[in-house]
Student: 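Pasting a structure here, questions to come.
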There are 2 protein chains.
Amino acid sequence: MQELTLRQQEILLWIRQYMADHGIPPTRLALCAAMGFRSPNAAESHLRALERKGAIELVQGVSRGIRLVEEPKETSGLPLIGKVAAGQPILAVAHIESYEPIAPELFRPVAHYLLRVQGESMRNAGILEGDLIAVHHTLIAQNGQIVVARLEDEVTIKRFYRQGERVELHPDNPDYPVIEVNLKKRALHIEGVMVGLIRA
Amino acid sequence: MQELTLRQQEILLWIRQYMADHGIPPTRLALCAAMGFRSPNAAESHLRALERKGAIELVQGVSRGIRLVEEPKETSGLPLIGKVAAGQPILAVAHIESYEPIAPELFRPVAHYLLRVQGESMRNAGILEGDLIAVHHTLIAQNGQIVVARLEDEVTIKRFYRQGERVELHPDNPDYPVIEVNLKKRALHIEGVMVGLIRA
DNA sequence: CAAGTAACTGTAATTATATACAGTTACAAG
DNA sequence: CTTGTAACTGTATATAATTACAGTTACTTG
């Protein structure tokens, strides 16, 4: 959205207020009356300007055909992370598929985001492909916890075991191999620990 | 709000959908087109009826002057059902352990309540002891669906298969037996179907 | 200083929309 | 059997609303 002039901001604000009050968008004439315009064309051209700048959308030929273009707001809920591209931070906005209406406090410790599970490597822990796991963002994990780990730009969900410099990432599925990591040789980052699961 | 006729419910539903889609209430003519009316007065009188029954409000002289009257909605969240005592309806208030902050619409079809899982009989379906399953309350189930069933006062979660009078309730765990029911001999009630799962 | 743009006035025409009035059909209840 | 109501058809009309066209004024920018 382009920057609005002061007057345009004022008008956009009024439209928002009108819609909150009346449940429907205003007409050109209502805008005239509110702003003190004597010409409906003043309203019209303001609306056109707002549309040009991406603040609203106009549906032509339709009475009250004004749509607010929503700002990407943070709803109370948890961001759902889909596929994570290699080498990018997990919480990059680009990865957010949607916000799910789930209270973070449902989980203990609180969940920070949801991650869609790919593959069946944690099948025996009751984690299936397509499930959403709730993740608490933390850098430290206890032995035996299920963690979201990043191993050389690859994000994976495994059970975490550490002894000194040696870490083992265990799948909960005999068909998958245990991953052994020597922290001195390969970079391993804990992104968070699993605190819950949603299957929708 | 008074009770609506089937047709009125249908129309109210359509209005809701229209508003969700377009961001503005519909006109009488739009309602006509959608419902197949040939007369705008059909739309008008339906709207009047809906207003009389308190489902909507009409603002006279104003285009698209239709306001939805909000239902006093329940505590947003889903009731969590713990142990169900034998012989009692599953949704008895006495069984409600708590309300969990989860939107029913997270699941499709919508969830009506959560049920705590006891036992490991559905282990291979990724359903573990202590998990909460989201249940859509319905009396009909399709073959293969995971259902909440009541068999002689006992509530159980199993996969449902039916052929005529014979029903099989399959666990997803080879350690548990398949339960066979002849509907003529034993009473079996479907309480609902599983639509999701929460592990907190 | 010319050109572009924001922010308007003023008028007019067309179309979108609400809404009244006069009926019809079917069904349920007293 | 009448009365009431839901669910419409069909016509008509006033008014609500959009939108085009022709201007004006002030300010900013190359």
Side-chain angles (χ1 to χ4, degrees), chain A residues 1-69 71, chain B residues 1-69 71:
Chain A
M1 190 172 101
Q2 271 183 64
E3 263 192 31
L4 303 179
T5 68
L6 265 179
R7 193 66 167 146
Q8 286 164 2
Q9 283 175 43
E10 199 181 337
I11 286 167
L12 182 57
L13 221 71
W14 179 84
I15 294 173
R16 285 222 178 88
Q17 190 58 52
Y18 185 99
M19 289 180 69
D21 290 349
H22 297 81
I24 49 176
T27 64
R28 271 69 167 167
L29 281 177
L31 181 54
C32 280
M35 292 293 149
F37 302 154
R38 297 208 199 157
S39 166
N41 189 44
E44 181 72 24
S45 38
H46 268 297
L47 291 177
R48 293 277 170 88
L50 284 172
E51 186 181 37
R52 233 184 7 258
K53 296 192 175 177
I56 62 173
E57 269 177 44
L58 294 176
V59 187
Q60 67 157 273
V62 165
S63 74
R64 301 172 190 272
I66 301 171
R67 307 181 79 161
L68 294 178
V69 175
E71 293 285 303
Chain B
M1 190 173 100
Q2 270 183 65
E3 260 193 32
L4 302 180
T5 67
L6 265 179
R7 193 65 166 149
Q8 286 165 2
Q9 284 176 42
E10 198 181 337
I11 286 167
L12 182 57
L13 222 73
W14 179 83
I15 294 173
R16 287 223 177 88
Q17 190 59 51
Y18 185 99
M19 289 179 70
D21 290 349
H22 297 81
I24 49 175
T27 63
R28 271 67 167 168
L29 281 177
L31 181 54
C32 280
M35 292 293 149
F37 302 154
R38 299 209 198 154
S39 166
N41 189 44
E44 181 70 24
S45 37
H46 267 298
L47 292 177
R48 293 278 168 87
L50 285 173
E51 186 181 36
R52 226 177 21 251
K53 295 192 175 178
I56 62 173
E57 271 176 45
L58 295 175
V59 187
Q60 68 158 275
V62 166
S63 75
R64 300 171 191 272
I66 299 170
R67 308 182 77 161
L68 293 178
V69 174
E71 290 285 300

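In what follows, chains are A, B, ... by sequence order, proteins preceding strands, each numbered from 1.
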Student: Which pair of heavy atoms, one from A/Pro26 and one from A/Ala30, lies closest together, and at what distance?
Tutor: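 Where A/Pro26 meets A/Ala30 most closely, the heavy atoms are CB-CB, 4.3 Å.
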Student: So, is B/Ser39 near the phosphate of D/dT11, with a side-chain N or O under 4.0 Å from OP1 or OP2?
Tutor: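 For D/dT11, OP1/OP2 do not have a side-chain N/O of B/Ser39 under 4.0 Å.
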Student: Looking at the side chain of B/Gln60, which of D/dT18, C/dT19, C/dA6 is the nearest nucleotide?
Tutor: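 Among the listed nucleotides, the one closest to the side chain of B/Gln60 is C/dT19.
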Student: Can you see if the side chain of B/Ser63 gets near the phosphate of D/dA17 - specifically, an N or O under 4.0 Å from OP1 or OP2?
Tutor: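 Result: yes.
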Student: Starting at CD1 of A/Ile24, measure out to CZ of B/Arg67 and round the result to the nearest 0.5 Å.
Tutor: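 It is 8.0 Å, given to the nearest 0.5 Å.
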Student: Write down the distance between CD (A/Glu10) and P (C/dA7), rounded to a whole number of angstrom.
Tutor: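 Computing the A/Glu10:CD to C/dA7:P distance gives 10 Å.
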Student: Check whether any side-chain nitrogen or oxygen of B/Arg48 sits under 4.0 Å from OP1 or OP2 of D/dC8, and answer yes or no.
Tutor: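 For B/Arg48, the contact criterion (side-chain N or O under 4.0 Å from OP1 or OP2 of D/dC8) is not met.
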Student: Between the base of D/dT11 and the side chain of B/Asn41, is there any donor-acceptor pair under 3.5 Å?
Tutor: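 Checked by distance alone, the answer is no.
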Student: The side chain of A/Val62 lies closest to which of these nucleotides: C/dT17, D/dA17, C/dT19?
Tutor: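 The nucleotide sitting nearest to the side chain is C/dT17.
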Student: Once you round it to whole Å, what is the distance between C1' of C/dA7 and CG of A/Leu12?
Tutor: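 That distance rounds to 17 Å.
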Student: More 5' along DNA chain D: B/His46 or B/Gly61, using each one's nearest nucleotide?
Tutor: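 Going by which nucleotide is closer to the 5' end, it is B/His46.
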Student: Apply the side chain to side chain contact (heavy atoms under 4.5 Å, CB included) test between B/Ile66 and each candidate in B/Thr27, B/Leu58, B/Val59, B/Leu50; give the one that qualifies.
Tutor: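 Of the listed options, the one satisfying the test is B/Leu58.
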Student: Between B/Ile56 (CD1) and C/dA18 (P), how many Å, whole number?
Tutor: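 Distance check: B/Ile56 CD1 to C/dA18 P gives 11 Å.
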Student: Measure the distance from CZ on A/Arg52 to P on C/dT5 and round it to the nearest whole Å.
Tutor: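 After rounding, the gap between these two atoms is 8 Å.
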Student: If you assign each of B/Arg38 and A/Leu29 to its closest nucleotide in DNA chain D, which residue comes earlier from the 5' end?
Tutor: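 Taking each residue's closest nucleotide, the earlier one in sequence belongs to B/Arg38.
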Student: Ion pair present between A/Arg7 and A/Glu10, side-chain N to carboxylate O less than 4.0 angstrom?
Tutor: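 Salt bridge between A/Arg7 and A/Glu10, a charged N being under 4.0 Å from a carboxylate O: yes.
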Student: Check the distance between C/dT9's C1' and A/Glu44's CD and give it to me in whole angstrom.
Tutor: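 Rounded to whole Å, this separation is 15 Å.
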Student: Would you say A/Arg7 places a side-chain N or O within less than 4.0 Å of OP1 or OP2 belonging to C/dA7?
Tutor: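 No, A/Arg7 has no side-chain N/O under 4.0 Å of OP1/OP2 on C/dA7.
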Student: Grab the CZ-P distance between A/Phe37 and C/dA6 for me, whole Å please.
Tutor: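 Result: 14 Å.
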Student: When rounded to the nearest 0.5 angstrom, what distance separates NE2 in A/His22 from CD in A/Gln17?
Tutor: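 Going from the NE2 atom of A/His22 to the CD atom of A/Gln17 covers 10.0 Å.
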Student: Can you tell me the distance, in whole Å, between the CZ atom of A/Arg28 and the P atom of C/dA13?
Tutor: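 Result: 20 Å.
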Student: Roughly, in whole Å, what's the span from CG in B/Leu47 to C1' in C/dA18?
Tutor: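 Whole-Å distance recorded here is 10 Å.
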